[in-house]
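Below, each value reflects all heavy atoms present in this structure, side chains not excepted, and no hydrogens, waters or symmetry copies. In what follows, chains are A, B, ... by sequence order, proteins preceding strands, each numbered from 1.
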2 protein chains.
Amino acid sequence: MNAAAPTLSIFALGGINEIGKNMYAIQYADDIVVIDCGSKFPDESLLGIDLIIPDITYLKENKDKIRALIVTHGHEDHIGGIPYVLKQLDMPIYASRLTLGLIEVKLKEHRLLRQTQLFRIDSDSNIELGTIRLTFFKTNHSIPDCLGVAFHTPEGTVVHTGDFKFDLTPVNDQYPDIHKMADLGKEGVLVLLSESTNAERPGFTPSERLVGEHIEDAFTKARRKIFISTFASNVHRVQQVIDAALKTNRKLALLGRSMVNVVSVASELGYLNVPEGMLIDASEVNRMAPDKVAVLCTGSQGEPMAALSRLASSNHRQVEIMREDTVIIAASPIPGNERNVAHIVDHLFLLGAKVIYGSGSVTGMHVSGHASQEELKLMLTLMKPKYFIPIHGEFRMLYQHRLLAESVGVEKENIYIINNGDVVDINQSVAQQSRKIPAGNILVDGLGIGDVGNIVLRDRRQLAEDGMLVIVITLSKTEGKIVSGPDTISRGFVYVRGSEDLLNDVNQLVITTINDLQETNVNKWGVMKQSIKEAVGQFLYNKTKRRPMILPIIIEV
Amino acid sequence: MNAAAPTLSIFALGGINEIGKNMYAIQYADDIVVIDCGSKFPDESLLGIDLIIPDITYLKENKDKIRALIVTHGHEDHIGGIPYVLKQLDMPIYASRLTLGLIEVKLKEHRLLRQTQLFRIDSDSNIELGTIRLTFFKTNHSIPDCLGVAFHTPEGTVVHTGDFKFDLTPVNDQYPDIHKMADLGKEGVLVLLSESTNAERPGFTPSERLVGEHIEDAFTKARRKIFISTFASNVHRVQQVIDAALKTNRKLALLGRSMVNVVSVASELGYLNVPEGMLIDASEVNRMAPDKVAVLCTGSQGEPMAALSRLASSNHRQVEIMREDTVIIAASPIPGNERNVAHIVDHLFLLGAKVIYGSGSVTGMHVSGHASQEELKLMLTLMKPKYFIPIHGEFRMLYQHRLLAESVGVEKENIYIINNGDVVDINQSVAQQSRKIPAGNILVDGLGIGDVGNIVLRDRRQLAEDGMLVIVITLSKTEGKIVSGPDTISRGFVYVRGSEDLLNDVNQLVITTINDLQETNVNKWGVMKQSIKEAVGQFLYNKTKRRPMILPIIIEV
């Protein structure tokens, strides 16, 4: 590295080798600009954890250099970490109108709205943040108002695509800024960071309009009530449901907190066109003629507490699904959610409903919001980057994206598949990847951020598998004899009733273990507890093939 | 019902509204014949449970009437419950050769082999069990030696298909007995029970030979080592791997206990043709020329302890996957396993392998073993049943299967979608469904069968989510004053270090709670424990938004 000229550094704090928790940053000299601040949901192994956010140790250590947090769009994997991160680190936030609207809802909930500086940008914005100048371009995605970002630095231009697809017939006429992208490419892009979610999928992702056509068909055919479930944040799809209801003379009720919230924010900000008198209250649905009403609801991923799940199990206070009603699940199940969705479909059939479900490629009721291989190649071709860093994706997606970049002419050695925490440094147009900064998963559990660690999780796993057995013994201080107990308390291991013999054997074993120790004059508590744990643990494993957590409690009186 | 003539009864003990744990029975007069005895794996909500088997209360109450357990084929969802059920109830078992071989392995493990009567049958068998005569027909499936069963009773003939597809070009020339099926239909089938696993899938399931062609292509193209992973029990596919290795002059190593077991049983019994000298030991793989060796291994569903997973994480003792090696996952991920499989693919790409993965319909490396809609219609057409009971499937599959039956002419009112425990009684050709027998999930946990119930599971869930806090207090018997404590022990809730203040507050709260109670002279232990639970529970929820299990322990001295 040349000490004379500052270095341009690019690093990921989240979003690499994972889906979710996106967070990247660009640093030039003493200016850091952060891009996105997402969260992700824990897998089953992280028992009891609510949310995962990025580790921002590096940002906290360099907080004087941070000029802004730029947010590309309003999905949880790009904004979900904001309130938790802002509690540790204050940053001004720049985002487009709808994105800002959704961020504000979060900040209000966490009582952070007043103290946070928010700046509205659009695709025409041109902002200077220290030595870095930022311009933007519109992209299409499954939520409106998405931006790609170009960072113009003295070392060269870095482009971050955000999430995107190329929808050439977008629902709201918000066309992608292809000419701007082409101009960036012509002027010269030093580094492209492009999203990889669908890098395994051949072809070109269909336009959202396709879904609209299928929704309209289904609305036209239905003779009784229609229920349609989709992601609340997919405002374009919500618009198409509203349009279909209008065309078929149906009123529309909204079910589910996030559906009500998003429709309210989006129509206030002008992203949704809801005709006067179209929306009705949930309480009116059952009273109306079945061919004059439709219901738009949350829960398309089978979330157990969401509206669709409650409707399917006839648990909704106000609305009922009846025989011959039509239910449309306008979403493909995300891997991991298939069983929950299938469960709901079973219940819907039990109610006698006509159900349109399954993969979007079969039903036409869902298209992805992410670029497939041909679109990824188009982005790479428009940008013609010298260096390429595939982002947003698990390793196999980044790998496939690298192959795509090679196929359109990016030099193999100029492609960096990085990890969260890896830094790509560029100085005088020469890139190298050798440094690391802290990165990782910070677990949010209840109100605690990062206070649940490996030992707590290991304990939870043992408790979850086999439960526990508490053994209480009172010993006399003077003679070390057992005064009372052992008494055993079982939770999550066996019922006490029916296991009396087993627990009596445990008590006898504890007494023998203590007496054996006393005879050899080893009566320190630590040793005693350890001996009880081992003896009882081995005994129970032999008898039951289970390994409950054993917690001996010794009281001296 | 006519009291004069005996009634024919058909009931399900497992396999309805679920995938797995198949068990059905036919009763005529005092003769009961049981079909299959499967197990299934628990979902995530059943913490720590190893296996689920059917409730056989009814069979135990009628054990004098049970003539046989007929097993249609050797998959776990048809044989997995056998050892656990045999511990409660002795039954003679009838099955084809390979099926019996796989059952014997299980009985040996559980030391039940010597005491169990086993009878070998084949598609030509004709056996009388009291008033019921049984004949059989060959079907195709993803394991050899599958049988459908016809129960000839004085009331009429009941046909149970087992699992099947119509593979008209089967790998081992074991053609389905279509003519026998046609004859049964011509003679008259009163009731058909047919499997519904793929009732949602349009079309005709492709022949297993298709997979063979793709395997051979991949073997021909590969320049270095080949790893291929599939279900051990899919003996036909294993044969095709052996054939491809032979054609391309590669030796084959087997990795994974079940792969080694099944290949050994299947070649002993003549179901696999393994050329002399083809198989090599795992220890030889790394020593051989990479283009002269292939590895056939378990773990195609991403099972964390299976061979493929260990290979992917470079954790195998003897064998290593190297750059440019080819890895084929010859199986589609079963819903719920996608993430584990994707994880393995990530690791394989990291090792630099060429990976063939994804849905079988894209790679050609997997076809289903179950009949799609056109084959289900073919079975219904061949059998021309008066009554139809769709079996093996979740509700939506049974529902779709009903629609298929209607479409080929079965009367709508003659189709029974039943639940586990429902009985269909037929007397003088008139069917009715009104009775119920006990049915349900029996949970196997370690050595315990059915001893883990709802309370234990509820406790495990609470412990898993938020852990626990044990609070120990010693009170004096005479005055009721606190002698020692409160002492708190946290497991799976918070670290003690870093949470000193919180736990001190808890201790203070416990003291206040006890003192308040004593002043009002309420000092019974139950009330005291309840008050501590409530006070501490509320306090901790307010402070942490977590709800650990609180276990107050009061010692009186």
>> Is the shortest side-chain heavy-atom distance between A:Asn17 and B:Asp346 below 4.5 Å?
In response: no
>> Please classify the contact between B:Leu398 and chain A as side chain, backbone, both or neither, with a heavy-atom cut-off of under 4.5 Å.
In response: neither
> Looking at A:Asp445, A:Thr544, A:Ile553, which makes the most heavy-atom pairs under 4.5 Å with chain B?
Replying inline: A:Asp445
> Can you tell if the side chain of B:Ile555 reaches within under 4.5 Å of the side chain of A:Val472, non-hydrogen atoms only?
Replying inline: yes
> Quick one: what part of A:Asn340 sits under 4.5 Å from any heavy atom of chain B, side chain, backbone, both or neither?
Replying inline: neither
> Shortest non-hydrogen contact from B:Ala342 to A:Glu394?
Replying inline: CB-OE1, 4.2 Å
> A:Asp43 versus chain B, heavy atoms under 4.5 Å apart: side chain, backbone, both or neither?
Replying inline: both
> Do you know which of A:Arg546, A:Arg339, A:Glu338 has the most heavy-atom pairs under 4.5 Å to chain B?
Replying inline: A:Arg546
> Counting a contact as any heavy-atom pair under 4.5 Å apart, which residues of residues 455-468 of chain A contact chain B?
Replying inline: A:Ile455, A:Val456, A:Asp459, A:Arg460, A:Leu463, A:Ala464, A:Glu465, A:Asp466, A:Gly467, A:Met468
>> If you count heavy atoms of other groups shown closer than 6.0 angstrom to CG of B:Asn542, is the number above 12?
In response: yes
> Contact part of A:Arg491 toward chain B, heavy-atom cut-off under 4.5 Å: side chain, backbone, both or neither?
Replying inline: both
> Hey, which of A:Gly448, A:Gly48, A:Gly336 has the most heavy atom pairs under 4.5 Å with chain B?
Replying inline: A:Gly48
>> Under 6.0 Å between ring centres: does that hold for B:Phe395 and A:Phe349?
In response: no
>> Are there over 12 heavy-atom neighbours, none belonging to B:Lys543, within less than 6.0 Å of that residue's NZ?
In response: no
>> Looking at B:Phe41, I'd like to know if its CZ atom is crowded, meaning that more than 12 non-hydrogen atoms belonging to other residues, nucleotides or ligands lie closer than 6.0 Å.
In response: no
>> At a heavy-atom distance under 4.5 Å, which candidate from B:Met397, B:His347, B:Met549 has the highest pair count against chain A?
In response: B:Met549
> Counting heavy-atom pairs under 4.5 Å to chain A, which of B:Glu200, B:Lys545, B:Arg396, B:His343 comes out on top?
Replying inline: B:Arg396
>> Please classify the contact of A:Glu18 with chain B as side chain, backbone, both or neither, using a heavy-atom distance under 4.5 Å.
In response: neither
>> Taking side chain as everything from C-beta outward and backbone as N, CA, C, O, which of these in B:Val362 sits under 4.5 Å from a heavy atom of chain A? Side chain, backbone, both or neither.
In response: neither
> Checking heavy atoms, do the side chain of A:Tyr541, its backbone, both or neither come under 4.5 Å from chain B?
Replying inline: neither
> Of all of A:Asn337, A:Leu551, A:Val470, which one pairs up most often with chain B through heavy atoms under 4.5 Å apart?
Replying inline: A:Leu551
> Does any heavy atom of chain B fall under 4.5 Å from the side chain of A:Thr474, the backbone, both, or neither of them?
Replying inline: side chain
> Relative to chain B, which segment of A:Ile417 carries a heavy atom at a distance below 4.5 Å: side chain, backbone, both, or neither?
Replying inline: neither
